Chemist: 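Pasting a structure below so you can have a look.
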2 protein chains.
Amino acid sequence: MRWKRISDAVVRRLPLYLRVLEEAKDQEMMSSQELGERAGVSPALIRKDLAWFGEFGKQGVGYEVAYLREELRKILNLDKSIRMVLVGVGSLGYALARYHRRKFLDDPSFTLEIVGLFDANPELVGKDVEGVTIEPVDALTTRVKELGAELGIICVPADSAQVVADKLVAGGIRAILNFAPVKLSAPDEVEVTNEDLSLELQRLAYYVTD
Amino acid sequence: MRWKRISDAVVRRLPLYLRVLEEAKDQEMMSSQELGERAGVSPALIRKDLAWFGEFGKQGVGYEVAYLREELRKILNLDKSIRMVLVGVGSLGYALARYHRRKFLDDPSFTLEIVGLFDANPELVGKDVEGVTIEPVDALTTRVKELGAELGIICVPADSAQVVADKLVAGGIRAILNFAPVKLSAPDEVEVTNEDLSLELQRLAYYVTD
DNA sequence: TAGATTGTTAATCGATTAACAATC
DNA sequence: TAGATTGTTAATCGATTAACAATC
């Protein structure tokens, strides 16, 4: 799958469409109209987004739910297993690890697997979280290589986040989800998403005017 | 403070600017050039963003760090206390509650206060998290009113998120940060932000192509 | 066939960048 | 004063919407 560079705005909506299709398992066909209503997006935009990747619909009829769902899974690489590591098993890291491991163990169609957990605290090392043992963060780079991990989740404090990111990158990670409140620097090939909850709350405070 | 409707793209950047200014406490002045580099935004955009709210700089010199910082705090309502409630004290809710309570108790300039915690599980009710006691979710609406809460954080499972949101809205909440994997519906006056971690991971999977 | 809906092109809208006069 | 940087306007860029021919 080698498409031209697709805008992030487009990619961001695809998982949303996928979710709507997965929630409509009972249904045979779905129009861009209906998909749009359920996803909160205009029908024109949905057709335009999908057009970047091919032609998936039938004029006069709409999209075959099962077919479009599988095509979206392929586009998003969700048709194959994706290995992830999570670094920093504090309360947030633990919550995320537990949630995703459970989802992975429960649902065979959920292909995002946490294969490694790491922490700098020796007291946590050796502990088990839903079938994965916490390892020391020192050997992160080599372990990422050994595990073949492609996606990293950072839940460490702000001051160690960049060091961890560098190690993940050195280990060959392709994308990072960062919960530490810092702007990480990484090579252009590595996709970094900052999930900064403090920033988000401060933003919402703006809307709390009397 | 009654500005015309400011674009969300603008508001979203303000907390970022604020953070840079807070990290430069030692510094007297800062140009849009420098602020831009540190925040990862072009200098022109910074000047344009700030221009929506007034004139804060001096030509030929730049911005006074302490002054702009306080002005941004006023714009974002961070100069006054903001009361929040969090609903759903599972592992994610617990992690967020603990993190924010500690930050609030540690740092006197951090004005976002979690004043109420709620859960449907009777076993959790009565438990304490960093000085706040978990209450039953039944009385949510009246408790939100009593506490004067303005901002709500939803960490309940997907199937109860909309019910909780409705109760928060009925209680007079102004903004919601939603971690449940569903698109919530709420009146236009209520600002809803979805922090959907599964969607985010699925999006990142797109960038993990070989 | 008649009705409906796609894929796609053109029009619109909004956000970012470039440029520069004003001025500290 | 000379140099620098703001605030602001005009130009550009990109994303969304509207419209419609193609076609199931």
Side-chain angles (χ1 to χ4, degrees), chain A residues 3-18 20-21 24 27-72 75 183 188 203 206, chain B residues 3-18 20-21 24 27-72 75 183 188 203 206:
Chain A
W3 300 286
K4 59 200 116 283
R5 182 76 190 177
I6 305 284
S7 144
D8 182 65
V10 174
V11 177
R12 191 171 287 281
R13 284 186 292 265
L14 300 181
L16 201 59
Y17 304 161
L18 177 57
V20 171
L21 293 168
Q27 208 166 329
E28 182 84 16
M29 305 297 293
M30 195 181 285
S31 64
S32 60
Q33 172 74 39
E34 186 180 353
L35 181 46
E37 270 165 25
R38 300 214 196 175
V41 168
S42 82
L45 188 51
I46 288 189
R47 296 200 300 275
K48 197 147 208 308
D49 284 348
L50 296 177
W52 288 99
F53 303 96
E55 305 191 358
F56 305 103
K58 288 192 188 46
Q59 274 107 327
V61 186
Y63 301 91
E64 202 181 321
V65 172
Y67 174 68
L68 182 56
R69 185 184 66 224
E70 291 316 307
E71 289 301 309
L72 279 175
I75 291 167
K183 189 174 148 275
D188 286 346
R203 183 179 78 78
Y206 174 81
Chain B
W3 300 287
K4 59 200 114 288
R5 182 75 191 177
I6 307 283
S7 145
D8 183 65
V10 174
V11 176
R12 190 172 287 282
R13 284 187 293 266
L14 301 181
L16 201 58
Y17 304 160
L18 177 58
V20 170
L21 294 167
Q27 207 167 330
E28 183 83 14
M29 304 297 292
M30 194 179 284
S31 64
S32 61
Q33 172 74 40
E34 184 181 353
L35 181 46
E37 271 164 26
R38 300 214 195 173
V41 168
S42 81
L45 187 51
I46 289 189
R47 296 201 299 277
K48 197 149 207 309
D49 284 349
L50 296 177
W52 288 99
F53 303 97
E55 306 190 359
F56 305 103
K58 287 190 189 45
Q59 274 107 328
V61 187
Y63 301 91
E64 201 181 322
V65 171
Y67 174 68
L68 182 55
R69 185 184 66 225
E70 291 315 308
E71 289 301 309
L72 280 174
I75 291 166
K183 189 173 150 275
D188 286 345
R203 183 179 78 80
Y206 174 81

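Hydrogens, waters and symmetry mates play no part in the numbers below; they use all other heavy atoms, side chains included. Letters go in sequence order (proteins before strands), and every chain restarts at 1. Small disclaimer: the values here were computed from a predicted structure and weren't measured.
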Chemist: Output all residues satisfying salt bridge (Lys or Arg N to Asp or Glu O under 4.0 Å) with B:Arg13, sequence neighbours left out; order by chain, then residue number.
Modeler: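 Residues passing salt bridge (Lys or Arg N to Asp or Glu O under 4.0 Å) with B:Arg13: B:Asp49.
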Chemist: Could you pull out the closest heavy-atom pair between B:Ile46 and B:Ser32, with the gap in Å?
Modeler: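 Shortest heavy-atom separation between B:Ile46 and B:Ser32 comes out as CD1-O, 4.0 Å.
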Chemist: Which dot-bracket notation, 5' to 3', represents the base pairing of DNA chain C when pairs are defined as Watson-Crick or G-U with both distances under 3.5 Å, crossing pairs as [ ], and inter-strand pairs as |?
Modeler: ..||||||||||||||||||||||
Chemist: Would you please name every residue forming a salt bridge (Lys or Arg N to Asp or Glu O under 4.0 Å) with A:Arg38, sequence neighbours left out?
Modeler: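 Testing A:Arg38 for salt bridge (Lys or Arg N to Asp or Glu O under 4.0 Å), a comparison that skips the adjacent residues, returns A:Glu34.
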Chemist: Tell me, do A:Leu14 and B:Arg203 make a side-chain contact under 4.5 Å, heavy atoms counted?
Modeler: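 Answer no - side chains too far apart.
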Chemist: A:Gln33: which residues meet the side chain to side chain donor-acceptor pair (under 3.5 Å) condition with it, sequence neighbours left out?
Modeler: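 Expected list: A:Glu37.
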Chemist: Closer to the 5' end of DNA chain D via nearest nucleotide, is it B:Lys48 or B:Pro43?
Modeler: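 By nearest-heavy-atom nucleotide position, the 5'-most residue is B:Pro43.
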Chemist: Might you point out which heavy atoms bring A:Tyr17 and A:Leu35 nearest each other, and give the distance in Å?
Modeler: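 Shortest heavy-atom separation between A:Tyr17 and A:Leu35 comes out as O-CD1, 4.1 Å.
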Chemist: Once salt bridge (Lys or Arg N to Asp or Glu O under 4.0 Å) is applied, do any residues pair with A:Arg47, and if so which ones, sequence neighbours excluded?
Modeler: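 Applying salt bridge (Lys or Arg N to Asp or Glu O under 4.0 Å) to A:Arg47 gives none.
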Chemist: How far apart are the closest heavy atoms of B:Ala24 and B:Val65, and which atoms are they?
Modeler: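 Minimum heavy-atom separation between B:Ala24 and B:Val65: O-CG1, 3.8 Å.
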Chemist: Can you name the closest pair of heavy atoms from B:Gln27 and B:Met30 and give their distance?
Modeler: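 For B:Gln27 and B:Met30, the tightest heavy-atom pair comes out as OE1-CE, 3.8 Å.
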Chemist: For DNA chain C, note the earliest and the latest nucleotide, 5' to 3', having some atom under 4.0 Å of a heavy atom belonging to chain B.
Modeler: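 Boundary nucleotides touching chain B, in 5' to 3' order, are C:dA15 to C:dC24.
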Chemist: Are any of the side-chain heavy atoms of A:Glu64 and A:Arg69 separated by less than 4.5 Å?
Modeler: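 In short, these two side chains do not touch, never coming nearer than 4.5 Å.
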Chemist: Identify, with sequence neighbours excluded, every residue that meets side-chain contact (heavy atoms from CB on, under 4.5 Å) alongside A:Phe56.
Modeler: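 A:Phe56: side-chain contact (heavy atoms from CB on, under 4.5 Å) contacts with A:Leu50, A:Phe53, A:Tyr63, A:Tyr67, A:Leu68, A:Glu71, A:Ile75.
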Chemist: Within residues 28-38 of chain B, which residues have any heavy atom lying less than 4.0 Å from an atom of DNA chain D?
Modeler: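 Correct list: B:Ser31, B:Ser32.
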Chemist: Enumerate the residues from residues 56-66 of chain B whose closest heavy atom to DNA chain C is under 4.0 Å, giving them by residue number; use none for an empty result.
Modeler: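 Close to the strand are B:Lys58, B:Gln59, B:Gly60.
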